[in-house]
Amino acid sequence: MSRSRLFGSLCAIVFLVNFARVVFAPLVGEFIGEFAIGEGTAGMIVTLAWLGSAAPRLPAGWALTRFSRQYVILVSGAMLTLGALGVAIAPGVPTLMTAAFAIGLASGVYFVAANPFIAELFPTRVGRVMGVHGMASQLAAVAAAPVVTVALWYDWRLAFYGLAVVAAASTAVFVLFARRTDLPDAGAGDTDFLAGARSEWKLILAGVVLMGLTSFVWQGLFNFYELYMIDKGIPEATARNLLTVIFAAGVPAFLVSGDLADRLPHVPFLLGIVSTFLAGVILVVVSSSTIAVVAASVVVGFAIHMLFPASDTYLLASLPDESRASAYAVYSAGMMTTQAAGSWVVGEAIEAGAGYDAVFLSLSGGLALVIAAYAVLEYAGRVPGGAAGAERVA
């Protein structure tokens with residue numbers, strides 16, 4: 001069986017994995033109403049899903065030095081199925097938080113195993129295949145708000161029952177295809193987790209700081225986007241659909257970014273993307289009319305989703321075979337841990353009485369300082385990266 005078919009099954013799984021994470025955002029208002037909780041607690045539920053995504057990345061990276069990529073992906077599919085069932089039957093907040101965390105665990109295990117696996121399946125087209133894989137993930141984000149809208153006509157829990165069934169079926173298809181495909185052995189030499197991570201610590205740190213802090217701002221923004229838009233005076237139905245606008249703008253962004261990431265210098269390309277995202281966030285804050293807010297939302301959505309394939313290409317194409325999975329796992333854990341707190345921080349700030357505009361302008365100011373620091377370091381030649389095997393910065 002061709003590697004393309006196996007890759008197609010991975011695209012199906014990543015659709016479900018990302019849907020499970022982002023579907024919590026349009027449900028924040030439902031959680032507040034059904035479980036009688038405040039914005040801070042609702043933000044914590046969302047944060048737990050993303051903390052769950054961060055938590056298993058180091059153990060999953062270690063597992064990849066002992067077990068095959070496809071076996072670890074199988075485990076992630078089983079975890080996603082169980083987590084979705086947990087959310088569907090949750091009788092209260094503690095169970096809901098536990099199940100949200102479990103869904104996050106599934107996504108963390110999946111990405112740590114699947115992203116290096118995909119890079120090894122198509123070593124000459126890393127950016128392009130990461131872009132297609134990311135686009136499949138992004139289609140789930142586009143579908144999340146409409147699915148929630150339909151599910152709310154009956155019961156929001158139906159979305160999670162359906163997710164559990166489809167996740168189980170997709171995982172079974174992946175296992176079948178993997179058994180029939182000639183797989184690469186590029187990661188066979190990656191058997192020492194700690195040594196692999198230590199050898200690439202500069203590249204890991206550079207990725208964690210830039211992508212983690214940018215995603216921290218993104219997490220805080222998109223998980224409260226609906227409530228923020230309502231606070232700005234946007235009608236409730238329009239506010240919910242603006243999330244769809246943001247995520248829809250990301251669909252072509254993955255393809256564009258993945259293709260460009262194979263051609264452009266990594267760090268300048270990343271800094272250009274983050275700068276555009278920052279400009280978009282500021283536009284969202286200063287916009288007041290519906291048309292202006294929609295336009296600003298498109299800028300934010302396109303820019304932030306260009307970041308993901310570009311950053312993965314930066315890491316995966318820069319890492320050698322003998323440390324790719326180990327180093328990428330450490331990067332993923334650090335990046336996800338950094339970004340996961342964004343929802344909780346914004347939720348606590350709003351519950352304490354801060355205005356949305358002030359919160360997001362403050363976060364934008366901090367991100368601007370990060371961009372400036374990286375620009376100076378890149379000019380001085382101090383940011384590591386480049387193609388695998390290329391000369392590194394000392």
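Excluded from the calculations below are hydrogen atoms, water molecules and symmetry mates; all remaining heavy atoms, backbone and side chain alike, are included.
We find the CG-OG distance between L194 and S326 to be 8.5 Å, quoted to the nearest 0.5 Å. The line from CZ of F269 to CG of D262 is 10.0 Å long, rounded to the nearest 0.5 Å. Note that the OG atom of S107 and the CG atom of N18 stand 8.5 Å from one another [nearest 0.5 Å]. Rounded to the nearest 0.5 angstrom, E378 CD and H266 NE2 are separated by 11.5 Å. Atom CD1 of I118 is separated from atom CZ of R125 by 12.0 Å, given to the nearest 0.5 angstrom. In this structure, CD1 on I273 lies 8.0 Å from CG on L260, to the nearest 0.5 angstrom.
At least one donor-acceptor pair closer than 3.5 Å links the side chain of K232 to the backbone N or O of V284. With R57 contributing its side chain and A329 its backbone, the two residues share no donor-acceptor pair below 3.5 Å. A donor-acceptor pair is defined here as one N or O able to donate and one able to accept, closer than 3.5 Å; no such pair exists between the side chain of S215 and the backbone of W218. The backbone N or O of A206 sits less than 3.5 Å from a side-chain atom of Y374, completing a donor-acceptor pair. With hydrogens and angles ignored, the 3.5 Å screen pairs a side-chain donor or acceptor of S275 with a backbone N or O of L271. No donor-acceptor distance shorter than 3.5 angstrom exists from the side chain of N223 to the backbone of S343, with no hydrogens or angles considered. A donor-acceptor pair is defined here as one N or O able to donate and one able to accept, closer than 3.5 Å; no such pair exists between the side chain of D155 and the backbone of A151. A donor-acceptor pair under 3.5 Å is absent between the side-chain atoms of R3 and the main chain of F122, judged by distance alone. Proximity of a side-chain donor or acceptor of T47 to a complementary backbone N or O of M44 within less than 3.5 Å is not detected.
V17 places none of its side-chain heavy atoms less than 4.5 Å from the side chain of S76. Residues Y328 and D312 have side chains in contact (heavy-atom distance under 4.5 Å, counting atoms from C-beta outward). By the 4.5 Å heavy-atom criterion applied to side chains, F15 and S170 are not counted as neighbours. Using a 4.5 Å heavy-atom threshold, the side chains of L10 and F117 count as touching. Within the 4.5 Å cutoff, the side chain of V208 has heavy atoms near those of the I204 side chain. Proximity of L227 to F224: side-chain heavy atoms (C-beta onward) are separated by under 4.5 Å at one or more points. Inter-residue side-chain proximity for M211 and Y314 is flagged as met; some heavy-atom pair is nearer than 4.5 Å. For the pair F216/V345, a side-chain contact is recorded, criterion being any heavy-atom separation below 4.5 Å from C-beta on.
Minimum heavy-atom separation, R324 to L316: NE-O, 3.3 Å. Residue A249 comes nearest to G301 through the heavy atom pair CB-C, 4.1 Å, listed as atom of the first residue, atom of the second, then distance. Closest of all the heavy-atom pairs between V14 and A136 is CG1-CB, 3.9 Å. Closest non-hydrogen pair, L242 versus S297, comes out as CD2-OG, 4.1 Å. Taking every heavy atom of both residues into account, F111 and P116 meet most closely at O-CD, 3.8 Å. The minimum heavy-atom distance linking Q138 with V251 is given by the pair CG-N, 3.6 Å.
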Side-chain polar contacts of residues 349-361 - donor-acceptor pairs under 3.5 angstrom, sequence neighbours left out - could you list them?
{"residue": "E351", "atom": "OE1", "partner": "G40", "partner atom": "N", "Å": "2.6"}
{"residue": "D357", "atom": "OD1", "partner": "Y228", "partner atom": "OH", "Å": "2.5"}

For residues 78-105, tabulate all N or O donor-acceptor pairs below 3.5 Å that involve a side-chain atom, not counting sequence neighbours.
{"residue": "T81", "atom": "OG1", "partner": "G77", "partner atom": "O", "Å": "3.0"}
{"residue": "T81", "atom": "OG1", "partner": "A168", "partner atom": "N", "Å": "3.4"}
{"residue": "T98", "atom": "OG1", "partner": "P94", "partner atom": "O", "Å": "2.9"}

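A single hydrophobic cluster is not seen to contain both V299 and L255; linkage of ILVMFWY side chains at heavy-atom distances under 4.5 Å, directly or through other members, places them apart. Hydrophobic clustering (side-chain heavy atoms under 4.5 Å, transitive across Ile, Leu, Val, Met, Phe, Trp, Tyr) keeps L16 apart from L158. Hydrophobic clustering of Ile, Leu, Val, Met, Phe, Trp and Tyr side chains at less than 4.5 Å, counting indirect connections, unites L205 with L367. In the hydrophobic cluster analysis, where Ile, Leu, Val, Met, Phe, Trp and Tyr join through side-chain heavy atoms closer than 4.5 angstrom, V285 is grouped together with V346. I230 and L27 end up in different hydrophobic clusters when Ile, Leu, Val, Met, Phe, Trp and Tyr side chains are linked at under 4.5 Å.
A tilted orientation is assigned to the rings of H133 and F7, their planes being inclined by 30° to 60°. Aromatic ring orientation, F247 versus F222: perpendicular (interplanar angle above 60°, classes split at 30° and 60°).
A 6.0 Å sphere centred on CZ of R157 holds more than 12 heavy atoms belonging to other residues, nucleotides or ligands.
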(request) Apply the test side-chain contact (heavy atoms from CB on, under 4.5 Å) to residues T238 and M229: give CA-CA distance (whole Å), side-chain angles for both, the deciding distance (0.1 Å), then the verdict. (result) CA-CA 9 Å; T238 303; M229 293 300 101; over 6 Å; no

(request) Could you go through the salt bridge (Lys or Arg N to Asp or Glu O under 4.0 Å) check for R69 and E120 one step at a time? (result) CA-CA 10 Å; R69 315 288 201 238; E120 291 159 1; 2.8 Å; yes

(message) What verdict does the ring pair (Phe, Tyr, Trp, His ring centres under 6.0 Å) test give for H305 and F308, after you've listed the backbone C-alpha separation in whole Å, the side-chain angles of each residue and the deciding distance to 0.1 Å?
(response) CA-CA 6 Å; H305 293 106; F308 303 136; 5.7 Å; yes

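L213 pairs with exactly one of T338, I371, L363, V274 by the side-chain contact (heavy atoms from CB on, under 4.5 Å) rule, that one being T338. Among the candidates L6, L176, L121, the single residue satisfying the side-chain contact (heavy atoms from CB on, under 4.5 Å) test with T181 is L6.
Ring centroids of W156 and F31 are separated by less than 6.0 Å, placing the two rings close together. A ring-centre distance under 6.0 Å is found for F24 and F160.
Checked by atom type, the side-chain pair N115/Y110 shows no donor-acceptor distance below 3.5 Å.
Legend: salt bridge (Lys or Arg N to Asp or Glu O under 4.0 Å) pairs involving residues 215-227, not counting sequence neighbours, sorted by first then second residue: E226-R240.
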